Amino acid sequence: GDQVEQSPSALSLHEGTSSALRCNFTTTTRSVQWFRQNSRGSLINLFYLASGTKENGRLKSAFDSKELYSTLHIRDAQLEDSGTYFCAAEVPNYNVLYFGSGTKLTVEP
Amino acid sequence: GGIITQTPKFLIGQEGQKLTLKCQQNFNHDTMYWYRQDSGKGLRLIYYSITENDLQKGDLSEGYDASREKKSSFSLTVTSAQKNEMAVFLCASSRDRSNERLFFGHGTKLSVL
């Protein structure tokens with residue numbers, strides 16, 4: 001729905017460069033998850049955050065529940081990072097995840 | 001680790017037809033979900049289930065039925081396929097109802113002629 005605004009909708013990076021994806025939430029959010037969907041449609045869970053930051057290799061995510069946003073930083077982008085990235089927000093009292101519309105990332109040589 | 005298996009991978013139906021999609025997980029997770037993804041868009045929740053025989057409606061439940069026959073399986077029925085409908089249906093599971101870390105199957109791609 002409109003609970004999650006994800007940007008940018010598309011992003012092109014050269015190998016070795018870095019960038020950040022962002023999700024803004026229009027309502028109180030208990031937690032956020034980030035996923036990557038590959039060309040075959042498989043969704044991989046990258047991060048689950050209830051607060052603060054988490055890092056996994058070249059990926060780092062942050063969640064600010066007071067300012068209602070989350071970011072996903074990609075450092076030293078590689079070709080295999082290409083795919084569509086989704087964030088999903090857990091809204092209290094609804095017990096469901098609301099997904100953003102995704103960022104299609106293309107990493108070029 | 002575990003795996004979520006969705007069958008079939010591809011489903012071609014006729015307008016008005018009743019179609020059933022199946023999902024099995026061996027994570028021993030309590031909660032299972034069915035999402036619909038339209039081309040270029042995010043995922044929308046159809047149904048979820050927090051335990052065997054439980055059923056909860058999502059935002060997109062109209063036109064669908066679901067059944068949690070046992071803890072490991074969750075099926076979705078399109079009650080009357082719409083002409084030219086094309087979408088991917090994704091099954092997911094999580095350990096409990098707190099939406100802790102969702103894991104997804106590979107999806108069932110539906111085309112309606």
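It should be emphasised that the depicted structure is a prediction, and the values quoted were computed from it without experimental measurement. Just so we're on the same page: letters track the sequence lines, and every chain starts at 1.
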task = Quick one: do B:Gln37 and A:Phe86 satisfy side-chain contact (heavy atoms from CB on, under 4.5 Å)? Show the steps, please.
result = CA-CA 12 Å; B:Gln37 185 177 28; A:Phe86 291 97; 3.3 Å; yes

ask   = Going through the checks in order, is the side-chain contact (heavy atoms from CB on, under 4.5 Å) test met by B:Asp59 and A:Tyr98?
value = CA-CA 10 Å; B:Asp59 290 343; A:Tyr98 287 97; 3.3 Å; yes

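Between the side chain of A:Asn45 and the backbone N or O of B:Leu102 there is at least one donor-acceptor pair closer than 3.5 Å.
For chain B, no part of A:Gln6 is nearby; none of its heavy atoms comes within less than 4.5 Å.
In the hydrophobic clustering of this structure, A:Phe47 groups with A:Tyr85; members are Ile, Leu, Val, Met, Phe, Trp, Tyr whose side-chain heavy atoms approach within less than 4.5 Å, directly or through other members. Hydrophobic clustering places B:Phe104 together with B:Leu45 (ILVMFWY residues linked when any side-chain heavy atoms are closer than 4.5 Å, directly or through intermediates). Follow the hydrophobic side-chain contacts under 4.5 Å out from B:Leu43 and you never reach B:Leu110; the two are in separate clusters. Both B:Val112 and B:Leu60 are part of a single hydrophobic cluster, where members link through side-chain heavy atoms under 4.5 Å apart.
Within 6.0 Å of CD in A:Glu80 there are more than 12 heavy atoms belonging to other residues, nucleotides or ligands. The local environment of NZ in A:Lys60 is sparse, with at most 12 non-hydrogen atoms from other residues, nucleotides or ligands closer than 6.0 Å.
Smallest separation of non-hydrogen atoms from A:Gln37 and B:Leu90: NE2-CD1, 4.3 Å. The heavy-atom pair separating A:Leu97 from B:Tyr35 by the smallest distance is CB-OH, 3.8 Å.
Ranked by non-hydrogen atom pairs under 4.5 Å with chain B, the options A:Ser42, A:Gly41, A:Gly100 are led by A:Ser42.
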